[in-house]
Amino acid sequence: MLTQIKGLHHVTSMAANAQENNAFFTKTLGLRRVKKTVNFDDPSVYHLYYGDEVGTPGSVMTYFPFANMVQGRRGAGEVAETVFSVPKGSLGYWKERLGNHGVDGVQDRDAFGERRLRFFGPDGDGFLLSEVEGDARQGWTGSDVTAEEAVRGFHGVTMRLRDGGATAELLKFMNYEEVDRQGTTTRFAVRGGNGADVVDVEVLPGAAPARQGAGSVHHVAFAVEDRAAQLEVRKALMDTGFQVTPPIDRDYFWAIYFRTPGGVLFEVATNEPGFDRDEDTANLGQALKLPRQHDHLRERIEARLEPIID
Ligand code: ZN
């Protein structure tokens, strides 16, 4: 069993508009933008990271905003919902706040003994805010959301699959155990994790396949402490028959990727070196940061990217 895995590291999705995406996460949800960089494989596109003060693994929602990208279609074979943890008693505040920020169709969706609000992001992204007891993580308080209400990071994700059997086996191999079941959804959790501990698997045998687009989760990343742990995980996954990429330097963490039986792309990312490796904590996310291989193109890249007004 891969005891090196300690919960989620980040969730990466796609959007159609960088400005709208930035406003939704920093102003509506009150997260901190902890990095403004580009897609390393396509530097004409931003890669925006939102999280707590320092972008602690387990708090980091990231986006590739592809201008005018067509919306995805929710369905089977994807992460359908990203679930954020908020303090107990804060959902009334959040319901009002979401309404004030123009988020329509906010629904009460209590489950697994948790009070939850369900709503959609600017591109139809599926989100939940869940009141989680005993989550000691500190949310970002640099916005107008106070510590009593601030998003503390992920609680987890909900994967929607046609057949959950092989994915359940994989999650158990990845240090998760089945802890609850409700209707068509099975809850898995990692013990002693970083707070972003839950993966819910909803099985809908008749569901049409999801179509990736704006508002879709591109991949979900799980956290390991360092590169040595990542190599152990990689070897164990490959010994089990998974095709795993070599470790890739993402500047703020190292990443390996593999496709899971249900179709969802998984990543395993290191907690090191973190988002403060190339800028001060006080100024995280302000300047456009480029990976070394693209820095000589800075002028061209900056000219093509739409500036983001905070
Ligand atoms: Zn990633």
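The analysis underlying the following values was restricted to heavy atoms, covering all of them including side chains, and did not include hydrogens, waters or symmetry mates. Order of listing sets the numbers, starting from 1, for every ligand and every atom in it. None of the values given here were measured: they were computed from a predicted structure.
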- request: Hey, could you give me each pair passing ring-ring contact (aromatic ring centres under 6.0 Å, His included) that has a residue in residues 163-210? Not counting sequence neighbours.
  value: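 Checked against ring-ring contact (aromatic ring centres under 6.0 Å, His included) - neighbours excluded - the pairs reaching residues 163-210 are Tyr176-Phe222.
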- prompt: Do NZ/NE/NH1/NH2 and the carboxylate oxygens of Lys95 and Asp108 come within less than 4.0 Å?
  reply: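 Looking at Lys95 and Asp108, the cut-off is met.
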message: Short of 2.8 Å from the Zn ion (ligand 1), name each protein N/O/S atom, waters not counted.
response: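 Checking every protein N, O and S atom gives His10 NE2, His219 NE2, Glu267 OE1.
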query: So, do Phe275 and Tyr49 have ring centers that fall under 6.0 Å from each other?
result: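 Ring centroids of Phe275 and Tyr49 are less than 6.0 Å from each other.
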- request: Measure from the ring center of Tyr46 to the ring center of Tyr63 and say whether it is less than 6.0 Å.
  value: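 Not close enough - the centres of the two rings lie 6.0 Å or further apart.
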message: Can you list everything that forms a side chain to side chain contact (heavy atoms under 4.5 Å, CB included) with Asp249? Sequence neighbours excluded, please.
response: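 Per chain and number, Asp249 pairs via side chain to side chain contact (heavy atoms under 4.5 Å, CB included) with Asp251, Trp254, Arg292.
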field: Partners meeting salt bridge (charged side-chain N to carboxylate O under 4.0 Å, His left out) with Asp180 (sequence neighbours left out)
entry: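 By the salt bridge (charged side-chain N to carboxylate O under 4.0 Å, His left out) rule, Asp180 matches no residue at all.
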